[in-house]
Amino acid sequence: MKFLHIADVHLDSPFLGLSFLPSELFCQIKNAIQLSFEKAVNFAIDHDVDLVLLAGDTFDSIHPTPQSKIFFANQIKRLVDRQIQVVMVLGNHDYSQIDDLLLNESPYFKIIGSNEQIEQVDFMTKSQYKYRVVGFSYQHNHITEDIIAKYPPKSTSIYTIGLAHAGMKQSSVDQNNYAPFTLNEVKDLNYDYFALGHIHLRQVLSQDPWIVYSGNLQGRHVNEKDAKGFYFGQVDEQSQNTQLQFIDVSPIVWQTVDLTLDEPFKSTTKLCTKIQNLLADNNLRPTLFTLNIIGAELLSDAQLDMLNDKSMYEELSNNLQYHSLLVKVYYKHRDFIALNATDRALFTKAAEEILTANHTCELASSLMKKSNIVTNNLQKEEYLSDIYELARVRLEQKLRGNNDEIN
């Protein structure tokens with residue numbers, strides 16, 4: 001038996017933070033998610049698989065766009081027309097009504113576990129090999145109950161697959177909102193394969209028995225780096241041993257590169273050349289780059305202003321292949337300034353008191369009255385973090401200038 005384990009497709013994902021790109025390029029990036037899913041379906045057909053598992057969050061919203069619903073229905077039709085069984089659960093993002101998905105009824109497509117009730121269904125491959133899938137679907141955005149703990153343990157010789165959109169139980173109670181489970185309880189079920197969704201980082205939690213997050217098909221932001229795709233499982237029908245292979249289908253990858261400064265760049269042209277060469281050396285496929293400049297306090301005011309201008313990203317990307325692009329620059333300070341313990345403690349204390357969300361909103365109050373965009377951005381943790389790091393860089397930069405004058 002052959003199967004695919006796919007999770008967290010997130011059709012309709014908005015790719016936040018990239019709206020500054022030219023519209024044609026932005027559309028290409030947004031289409032990457034559909035393209036990755038289509039490539040997964042192509043693989044299933046080309047390799048004549050028996051089963052496709054969809055482990056939740058196939059859509060990014062409970063209200064998918066008509067275009068996404070039509071696209072999904074067409075891809076599912078390609079699979080069922082070839083008698084490839086599709087078994088799907090709904091996740092915390094896409095717990096929509098099944099009737100809204102524009103899908104034709106077929107014995108080869110089934111969403112299991114409605115109303116957050118555990119359901120087990122037996123199937124048979126074209127070669128008459130029996131297997132069982134056990135799972136549940138979300139009916140709400142949050143599930144605080146450990147539903148996997150109620151899964152029935154494997155009780156027969158039938159190859160058994162667990163399917164769930166869930167997160168491992170955390171020490172902080174307020175983080176346990178997605179059917180929290182423990183690894184040991186999943187192991188104790190003794191299923192042959194447990195297909196998980198929700199966590200976008202690809203990871204194998206256990207090989208004996210197999211307990212696996214496939215990750216998402218296409219990275220959507222800087223925190224979802226490197227190759228993305230699905231797992232291809234091949235089951236020996238005699239021994240029931242499973243071989244697993246990761247298949248990369250992401251049309252675009254996110255990658256972070258570091259530029260460490262040990263001394264100032266007196267020539268801005270040389271700085272730009274250094275960045276361009278660094279990006280080119282890491283450009284092996286279509287890539288959206290983020291750049292960490294470590295020791296950014298060594299940059300001049302003019303260089304910081306230049307790098308904060310998003311139009312400069314395109315200039316720095318001119319020599320890249322595969323239509324790759326620099327989309328974000330982060331600044332990291334390195335504490336070059338030699339402060340004694342007392343001064344450093346005072347510096348840290350001042351930063352903790354001043355670099356807060358409340359203080360920042362007070363300073364920006366007049367701008368917030370004029371623009372909802374400013375108000376919305378100041379509610380985002382990542383945006384505030386960028387502001388605070390740039391403030392530290394600017395301050396270290398000024399302190400370094402004063403230090404140079406004193407010495």
### Query
About how many Å separate OH of Tyr95 and CD1 of Ile62, when rounded to the nearest 0.5 Å?
4.0 Å
#### Entry: Thr182 versus Asn184, side-chain donor and acceptor atoms under 3.5 Å
no
### Task
Describe, in one word, how the ring planes of Tyr191 and Tyr151 are oriented to each other, choosing from parallel (under 30°), tilted (30 to 60°) and perpendicular (over 60°).
tilted
### Query
Under 3.5 Å, is there a donor-acceptor pair linking the side chains of Ser137 and Ser114?
no
### Query
What do you reckon, are the aromatic ring centroids of Tyr178 and His142 less than 6.0 Å apart?
yes
### Query
Just checking, is any N or O donor in the side chain of Arg202 or Asn216 under 3.5 Å from an acceptor N or O on the other one?
no
### More than 12 heavy atoms of other groups within 6.0 Å of Lys154 NZ
yes
### Query
Considering residues, nucleotides and ligands other than Lys126, do more than 12 of their heavy atoms fall under 6.0 Å from its NZ?
yes
### salt_bridge(Asp146, Lys169) N-O dist < 4.0 Å
yes
### Message
Does Leu316 form a side chain to side chain contact (heavy atoms under 4.5 Å, CB included) with Asn318? I'd like the steps, not just the answer.
### Response
CA-CA 6 Å; Leu316 292 170; Asn318 273 344; over 6 Å; no
### Message
Does either side chain, that of Gln67 or that of Gln34, offer a donor lying less than 3.5 Å from an acceptor on the other one?
### Response
yes
### Query
Going by distance alone, is a donor N or O of one side chain under 3.5 Å from an acceptor N or O of the other, for Glu297 and His333?
no
### Query
Are Ser250 and Asp248 linked by a side-chain donor-acceptor pair shorter than 3.5 Å?
yes
### Query
Can you check whether Ile33's main-chain N or O pairs, donor with acceptor, with Asn31's side chain at less than 3.5 Å?
no
#### Entry: salt bridge (Lys or Arg N to Asp or Glu O under 4.0 Å) partners of residues 51-76, not counting sequence neighbours, each pair once
Asp60-Arg220
### Tyr131 and Phe123 aromatic ring geometry - parallel, tilted or perpendicular at 30°/60° bounds
parallel
### Query
So, Glu116 and His140: side-chain donor and acceptor under 3.5 Å apart, yes or no?
yes
#### Entry: From CD1 (Ile84) to CG (Leu4), nearest 0.5 Å
8.0 Å
### Query
Under 3.5 Å, is there a donor-acceptor pair linking the side chains of Asn292 and Asp258?
yes
### Query
Do the ring centers of His165 and His93 come within less than 6.0 Å of each other?
no
### Task
Report yes or no: is the cationic atom of Lys39 (NZ for Lys, CZ for Arg) under 6.0 Å from the centre of the six-membered ring of Phe43, at an angle within 45° of the ring normal?
no
### Query
So Phe72 and Phe37, would you call those rings parallel, tilted or perpendicular, with 30° and 60° as cut-offs?
tilted
### Query
Taking atom types as modelled and ignoring hydrogens, do the side chains of Ser324 and Asn283 form a donor-acceptor contact shorter than 3.5 angstrom?
yes
### Message
Hydrogens and angles aside, do Gln175 and Ser172 bring a side-chain donor and acceptor to less than 3.5 Å of each other?
### Response
no
### Message
Between the side chains of Asp192 and Arg132, is the shortest nitrogen-to-carboxylate-oxygen separation below 4.0 Å, so that they form an ion pair?
### Response
no
### Message
Any salt bridge linking Lys110 with Glu119? Criterion: basic side-chain nitrogen under 4.0 Å from a carboxylate oxygen.
### Response
yes
### Query
For Tyr193 and His5, does a side-chain donor sit closer than 3.5 Å to a side-chain acceptor?
yes
### Query
Between Tyr213 and Phe181, how do the two ring planes meet: parallel, tilted or perpendicular, split at 30° and 60°?
tilted
### Exceeds 12 heavy-atom contacts within 6.0 angstrom, atom NE2 of His323
no
Donor-acceptor pairs are to be reported for all side-chain atoms of residues 155-163 against protein atoms at under 3.5 Å, with residues two or more places apart or in another chain.
unit_1	atom_1	unit_2	atom_2	d
Thr156	OG1	Ile158	N	3.1
Tyr159	OH	Thr242	OG1	2.6
Thr160	OG1	Ile158	O	2.9

### Query
Side chains of Asn177 and Thr144: donor-acceptor distance under 3.5 Å anywhere?
no
### Query
Is a donor on one side and an acceptor on the other found under 3.5 Å between the side chain of Gln170 and the backbone of Met168?
yes
